[in-house]
Amino acid sequence: RGIDALSVHSRSSSDAHNYFSFVFSIDSNSVGYLDGDILCLDQNSGLRLVYSEQQLIDDLQITSGSLDVDAVCVLSADEVLISFRDGLQSTFLGAIEDGAIVSWNPQLATASIFATEADVQQWVANATSSSAANIGDLKSLSYDDYTQSIIFSVQSPSSLDAAVFTNQGQ
């Protein structure tokens, strides 16, 4: 029905990007796919599962909450940045807020908190020179290869909706 998260699957600058270069998550469960699955188009006009919601649940050791991928950024085969629609509880990461960014290594089944919701809030506050702008949720993630910084957008009860921010320079 809709796409919730979108990223280039291969960050190699030598790769020509086309429809098959992207991974994405859908915004709600559908026949055969879940809103926590990360998918791509295959060469036969279908969908292919790249990472399953269950793999994320297992690797992050989620104990409570409904896993729904809101934002994804594939940095490499060994690092995927993810943000979730709702807060989750993890055995080893603790509370994962909906505005936090998780760094996940799907090859090793490991994860860490890349940035807390408070970190993201501080980046927005620094960019806007205002501590009054509270973010509601992190909605998109990307990576600027040139500045080596995270680029993101937030959902906020203010004029900051869909504004693009960076963590460059904190």
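Numbering of residues begins at 1 and proceeds along the displayed sequence. In what follows, every heavy atom counts, from backbone to side chain, and hydrogens, waters and symmetry copies are set aside.
For the pair D42 (side chain) and G46 (backbone), a donor-acceptor distance under 3.5 Å is present.
For the side-chain hydrogen bond (donor to acceptor under 3.5 Å, both in side chains) test, residues two or more places apart in sequence or in another chain that qualify with N126 are Q122. Residues meeting the side chain to side chain contact (heavy atoms under 4.5 Å, CB included) test with E53, sequence neighbours left out: L34, D35, D37, I57, L67. Evaluation of the side-chain hydrogen bond (donor to acceptor under 3.5 Å, both in side chains) rule for Q107 yields no partner, not counting sequence neighbours. Under the rule for a side-chain hydrogen bond (donor to acceptor under 3.5 Å, both in side chains), the partners of D70 that lie at least two apart in sequence or sit in another chain are K139. Partners of F152 under the ring pair (Phe, Tyr, Trp, His ring centres under 6.0 Å) rule, at least two apart in sequence or in another chain, are W123, F165. Under the side chain to side chain contact (heavy atoms under 4.5 Å, CB included) criterion, L81 pairs with C73, L75, E79, I101, S103, F114, L141, I150, sequence neighbours left out. Remark: T166 engages S149 in a side-chain hydrogen bond (donor to acceptor under 3.5 Å, both in side chains) (not counting sequence neighbours). For L47, the side chain to side chain contact (heavy atoms under 4.5 Å, CB included) partners are F24, Y33, L39, L41, not counting sequence neighbours.
Among residues at least two apart or in separate chains, there is no ring-ring contact (aromatic ring centres under 6.0 Å, His included) pair with a member in residues 58-91. Under the salt bridge (charged side-chain N to carboxylate O under 4.0 Å, His left out) criterion, the residue pairs touching residues 82-103 are D68-R85, with sequence neighbours excluded.
Side-chain heavy-atom separations under 4.5 angstrom define the hydrophobic clusters, and the remaining members of the one that includes I151 are V164.
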N/O donor-acceptor pairs under 3.5 Å from side chains in residues 58-65, not counting sequence neighbours:
unit_1	atom_1	unit_2	atom_2	d
D58	OD1	Q54	NE2	2.8
D59	OD2	W104	NE1	3.0
T63	OG1	Q89	O	3.3

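The closest side-chain heavy-atom distance from Q155 to I135 is not below 4.5 Å.
Linking ILVMFWY side-chain heavy atoms closer than 4.5 Å, directly or via other members, places I113 and L108 in two distinct hydrophobic clusters.
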